[in-house]
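In each ligand, atom 1 is the first atom listed, and ligand 1 is the first ligand listed. Along the sequence shown, residues are numbered consecutively beginning with 1.
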Amino acid sequence: MNAAILPSALSATPIGTPADEKNFLLAVEALTVSFDGFKAVNDVSFYVDPDEIRVIIGPNGAGKTTVLDLICGRTKASSGSIKYKGQELTKLSESAIVQAGVGRKFQTPSIYDDLTVFENLEISFPRGRSVFGALTFKRDAEVRDRIHEIAQTIFLKDQLDERAEFLSHGQKQWLEIGMLLIQDPELLMLDEPVAGMSVGERIKTAELLNQIIKGRSVLVIEHDMKFVEDIAHRVTVLHQGKVLSEGSMERVKNDPKVVEVYLGH
Ligand code: ADP
Ligand code: MG
């Protein structure tokens, strides 16, 4: 996995081009966006492994949400590259990026209040495969099984027939994660998923994220340091649009630069 055990044939490859040497799920390189000359994201590079939970932390205005906006295609990069499974995303539309397997949850949940939990999950099931006659029946069964499986994962199996408006704030957040999971993204991006949740809900959300990473990676923006410790494989710290520090939570937490701009107050 690491450079030390690469076959010797590759050892002549110049250093500093990690994306060529390793199968990252996501490789962000020299990513920059300016809004009227203000660089909200300024020369940001980071690499996410398959099955990794990466957390992005940083003070308000650091550019965290903008990084997710760039990856999901909502904002177009001024320069730099975003490669997902080797495919350049900066040239793709938002819907093509979803099709490629990137799911993104925004800060405010976008669920349908007047539909049940079951129906919310059902409408999120990927379409596109046209089916007729007897096949429709088979598909219905497949969808139903998948909805039950997801409902179990997001702690809502007893709420399937409940209208979404009656769910607690935390349950609504889980439902939205479920609506993304049913599309089976290989990269799932969550912007402050535990904001407004109770301590108990935060612990369950950490459990949930640790459960769903088989076969996928999760990129999370979060402020709650206890939650970050519970989930992060690695942490990337953004500050004023740049990467300030990166590594294990332990390493980042003890980095004097991070303490000064972020954790110190
Ligand atoms: P964070 O999520 O880390 O709090 P954001 O990514 O939301 O920060 O914002 C980073 C900076 O970019 C902020 O100063 C914000 O005002 C600015 N910004 C974000 N989006 C836009 C936009 N569409 N147009 C102009 N400025 C923006
Ligand atoms: Mg934000």
Side-chain angles (χ1 to χ4, degrees), residues 26-48 53-82 84 89-95 97-98 102-111 169-170 172-174 176-177 180 185 187-197 201-202 205-206 209 217-229 231-232 234-247 249 252-253 255 257-265:
L26 182 75
V28 172
E29 292 189 316
L31 188 63
T32 300
V33 68
S34 20
F35 300 117
D36 298 323
F38 166 70
K39 290 184 176 173
V41 172
N42 189 358
D43 198 22
V44 164
S45 300
F46 65 94
Y47 303 86
V48 179
I53 302 181
R54 172 69 56 90
V55 182
I56 301 179
I57 66 171
N60 280 331
K64 304 179 299 295
T65 297
T66 305
V67 166
L68 296 202
D69 288 343
L70 288 161
I71 297 168
C72 78
R74 164 170 279 225
T75 299
K76 288 293 161 205
S78 305
S79 60
S81 151
I82 303 167
Y84 164 75
L89 295 188
T90 51
K91 307 278 184 289
L92 297 184
S93 69
E94 251 185 292
S95 60
I97 292 170
V98 171
V102 179
R104 193 267 177 89
K105 183 189 172 315
F106 292 90
Q107 265 168 293
T108 40
S110 51
I111 57 173
H169 169 78
K172 286 182 184 176
Q173 301 283 336
W174 294 335
E176 199 183 3
I177 293 174
L180 290 166
L187 176 64
L188 182 62
M189 303 195 291
L190 308 171
D191 199 343
E192 304 193 20
V194 300
M197 280 191 184
E201 286 172 335
R202 284 169 194 234
T205 306
L209 295 188
S217 305
V218 183
L219 184 55
V220 192
I221 295 174
E222 199 38 74
H223 286 292
D224 176 343
M225 284 306 137
K226 169 74 177 69
F227 180 73
V228 177
E229 295 215 69
I231 61 164
R234 281 182 292 175
V235 177
T236 299
V237 187
L238 284 190
H239 177 54
Q240 296 178 345
K242 287 180 165 288
V243 175
L244 181 73
S245 183
E246 188 172 88
M249 183 62 182
V252 153
K253 187 162 83 168
D255 182 337
K257 294 194 302 274
V258 178
V259 174
E260 190 189 328
V261 309
Y262 187 55
L263 297 173
H265 44 85

Straight-line distance of Lys64 NZ to Ile221 CD1, nearest 0.5 Å: 6.5 Å
Whether Arg234 side chain and Val48 backbone form a donor-acceptor pair below 3.5 Å: no
Heteroatom proximity flag, Gly61 to ligand 1, N/O under 3.5 Å: yes
Main-chain N/O of Met197 paired with Arg202 side-chain donor or acceptor, under 3.5 Å: yes
Option among His239, His223, Met225 that satisfies the side chain to side chain contact (heavy atoms under 4.5 Å, CB included) test with Ile57: Met225
N/O/S atom of Asn60 inside 2.8 Å of the Mg ion (ligand 2), strictly under: no
Nearest neighbour of atom 9 (O) of ligand 1 from the list Asn60, Val33, Thr66, on a heavy-atom basis: Thr66
Whether Gly58 lies under 4.0 Å from ligand 1, heavy atom: no
Polar proximity ligand 1 side, Ala62 side, N/O cut 3.5 Å exclusive: yes
Distance-only N or O hit between ligand 1 and Gly63, under 3.5 Å: yes
With Thr66 via side-chain hydrogen bond (donor to acceptor under 3.5 Å, both in side chains) - residues at least two apart: none
